[in-house]
Protein chains: 2
Amino acid sequence: MTVSKAATVYDVADRAGVSIATVSRVLRSPDAVRPVTRERVLDAVSALGYVPSGSARGLAERRTGVLGLYFPGFDAAEDAPPLDVLSDADAPPFAIVRDDADGDDGHTSMLFLDEVLRGAELEAWKQGFELMVGVGRDDPDRSTVRDMAGRVDGLMVLASSVPDDVLARLARRIPVVVLSGPPRGDHYDHVTVSNAEAMAELTRHVLAQVGDGPLAFLAGPEDSPDGLQRWEGFAAAVTAAGRSLDDVTVLRGDFTRGSGRRAAEELVVSGAPAALISANDQMALGALDVFRGAGIRVPEDLLVTGFDGIEAAALSRPPLTTIRQPMIDLGRAAVQVLARRLESMEAEPVLARLPLQILLRESSQRPS
Amino acid sequence: MTVSKAATVYDVADRAGVSIATVSRVLRSPDAVRPVTRERVLDAVSALGYVPSGSARGLAERRTGVLGLYFPGFDAAEDAPPLDVLSDADAPPFAIVRDDADGDDGHTSMLFLDEVLRGAELEAWKQGFELMVGVGRDDPDRSTVRDMAGRVDGLMVLASSVPDDVLARLARRIPVVVLSGPPRGDHYDHVTVSNAEAMAELTRHVLAQVGDGPLAFLAGPEDSPDGLQRWEGFAAAVTAAGRSLDDVTVLRGDFTRGSGRRAAEELVVSGAPAALISANDQMALGALDVFRGAGIRVPEDLLVTGFDGIEAAALSRPPLTTIRQPMIDLGRAAVQVLARRLESMEAEPVLARLPLQILLRESSQRPS
DNA sequence: ATGAAAGCGCTAACAA
DNA sequence: TTGTTAGCGCTTTCAT
């Protein structure tokens, strides 16, 4: 644990017998320095294990080279058990668990965020930025995101993870790009996807098979913008096909597997439709479970589709047709937009839309 | 895009009619300031949309309040397609894909890192730190991790993502904790798991069922420290049971599903053992596929176990017994260790070992 | 309770 | 090509 009190430019300059300006030059524009001098400086640098202070640089340069990515909070996190590695040193090296669990809800939603993060990190690296991440929690004064805003050159904010007023304030200091979700005014750049259009297309695909057989839609919570857009896409396709929405059985869930199961049970009781369009995968998977149990065959008796493209959707039986968000590309795109913005603050606000992938799988293909 | 040139303490001080020292006080120790004054300052703060500069703070305070997390690179990333959102504005809103893919290799390994990250972020938040993330890539001069080191108060490094010399150098400036993987000397704090012990325990569990029936071990690549530790745990349990390792059929794979399949095919030809212990889940899953195809029943004819606890292991048929790394806790523990270290540089290096979870599932339970 | 002033470590004019 | 020097925006003694 020998952490010496960090060498500075002065130390390096001393040791190399040059001025601090020369040290700085060697690091930032090596060619502006005579090779011999440069060598001497570099030697001093490695001898002292010198690493420039990001804070000092940031202050002098008036830019940090860091981009911030801010996520909505995943509830359960706050009350995670108070792990304490340091005290229980002699814990057993393993624990045995009989595991009969069947898939956890909630957990999965994170996977999307992970992918966005990966995309953002990749692109940030390509563009020469570092990445700082933060998660929105029930922070009374939103201090985290504000702290972040003070440390980064630009901020990427996922959907509704930051309330409007806070966002507006941060945007006065640094550029902000809003990711995924409905546009939030023309003061920010946006990167999003065409939820409604893709859902409409998928609905057309289903309608083409079921003709005017009975339809059910499994909706998300009322306050979900995504859920709403998906419903709108569905509704548009249905009406465009000359059918009335009154014929459609609309069930409301909360995006969890459990709520999907409950909805399906209702359907089983009231008589199964020809197709069930779900606003997300989790609910569709829950429904699939129930249908299997009830002896309703998918896709022979009933077509089912989801939305999101989670991994479990590919592994279900039958594999679930779904629409996949290009999460990695969302992250990458956000960084690109931000990087561009950083170069020209005057340009018009951007609204980039990324294409969704409709993954046709067995659950929506009626056997001919 | 109205990004004004960021207000500073001076602006706030002017507007509130106080000195910059008072502004600073209001923000850092509000009680040291008379309530009326404080109000006046806070008003100015929100009127101006003031957000303190992290760089200036970091410089003055000599600590940034940021922790760094550095991952090994996931190869394929570098040559990701050169996405360009800004140019193709009128791309179609969706694409239709007939998806018959059966599970992708490689991708999954990332999930672990994601969880570590989540744990680290959670704990960083609890401890009042921000988190910066970086991925190790084939960076000639490792500039990314060095940049990070210059910006953070402490660094968490995953396994072998940073070469020894670089690591040693960074550790001269800031505390470093090494996560998961074999200890790398006593200059760093470590947080890791007991690979070998857990594998030994799992092996005992299997041995208890197969008696002295023939055993096969599906090993990872030779140069994998994890793979090695797992083999050692297995070997220890086998010898402790009074059996010779010469009886064991050892197959070598590369941690991919494909290599698991190939190994299983060999086994099918040469005659299946009573149990197959695999060094990771992917390979075990590949093997499971082959056995099913060959009409070998798991667990009736053959027990199979994996290692890692990936999601697909819970969804396979039969569900795969495996050992799960406590990835979230690894992340949390790393932050805890780092935070502790930041308070006392003199304390002895820590080596924290987290317990693994042995998840017993159908694939290793011979029906009685 | 508040203000004045000295840095924190670096970059970037400007001089030499 | 190299050195001198004035900030960058904040925290923190030390006075008052």
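Below, each value reflects all heavy atoms present in this structure, side chains not excepted, and no hydrogens, waters or symmetry copies. Every chain is numbered from 1, with letters handed out A, B, ... down the list of sequences.
The residue A:S55 sits apart from the nucleic acid: no heavy atom pair falls under 4.0 Å. Among the atoms of the strands shown, none is found under 4.0 Å from any heavy atom of B:V23. Base contact: B:S24 has a heavy atom under 4.0 Å from a base atom.
What separates CZ of A:R25 from P of D:dG3 is a distance of 8 Å, to the nearest Å. Between the CD atom of A:E61 and the P atom of C:dC8 there is a distance of 20 Å, rounded to whole Å. For the pair A:K5 NZ and C:dG9 P, the computed distance is 12 Å after rounding to whole Å. Separating the CD1 atom of A:I20 from the C1' atom of D:dA6 is a distance of 11 Å, rounded to the nearest angstrom. If you take CG of B:L59 and P of D:dC8, they are 13 Å apart, rounded to a whole angstrom. A:D11 has its CG atom 9 Å from the P atom of C:dG9, to the nearest Å. A straight line from CG of B:L27 to P of D:dG9 spans 16 Å, rounded to a whole angstrom. Rounding to whole angstrom units, CG of residue A:D31 and P of D:dT1 are separated by 10 Å.
Contact of A:Y10 with C:dC10 (side chain to base): a donor-acceptor pair of N or O atoms is detected under 3.5 Å.
Each of B:P35 and A:V9 was assigned the nucleotide of DNA chain C with the nearest heavy atom; the assignment lying further toward the 5' end belongs to B:P35. Closest-nucleotide positions on DNA chain D for B:V51 and A:V36 were compared, and the one nearer the 5' end corresponds to A:V36. Each of B:R38 and B:A56 lies near DNA chain C, and the nucleotide nearest B:R38 is the one positioned closer to the 5' end.
Distances shown here put a side-chain N or O of B:T22 below 4.0 Å from the OP1 or OP2 atom of C:dG3. Remark: A:S19 is in phosphate contact with D:dG3, judged by side-chain N or O atoms under 4.0 Å from OP1 or OP2. Distances shorter than 4.0 Å separate some side-chain N or O of A:R28 from OP1 or OP2 on C:dT11. Close to C:dT2, at under 4.0 Å from its OP1 or OP2, lies a side-chain N or O of B:R34.
Ranking D:dT11, C:dC10, C:dT2 by closeness to the B:V33 side chain, first place goes to C:dT2. Of the candidates D:dC10, D:dT4, C:dA4, the closest approach to any side-chain atom of B:S53 belongs to D:dC10.
A salt bridge links A:R28 with A:E61: the closest approach of a Lys/Arg side-chain nitrogen to an acidic carboxylate oxygen falls below 4.0 angstrom. A salt bridge is absent between B:R34 and B:E39: the closest approach of a Lys/Arg side-chain nitrogen to an acidic carboxylate oxygen does not fall below 4.0 angstrom. Using a 4.0 Å cut-off between a side-chain N of Lys or Arg and a carboxylate O of Asp or Glu, B:D43 and B:R15 do not qualify as a salt bridge. Under the 4.0 Å criterion applied to side-chain N and carboxylate O atoms, A:R118 and B:D114 are assigned as salt-bridge partners.
Scanning all heavy atoms of the two residues, the minimum distance from A:L69 to A:M148 falls at N-CE, 3.5 Å. Minimum heavy-atom separation, B:R173 to B:A149: NH1-O, 4.0 Å.
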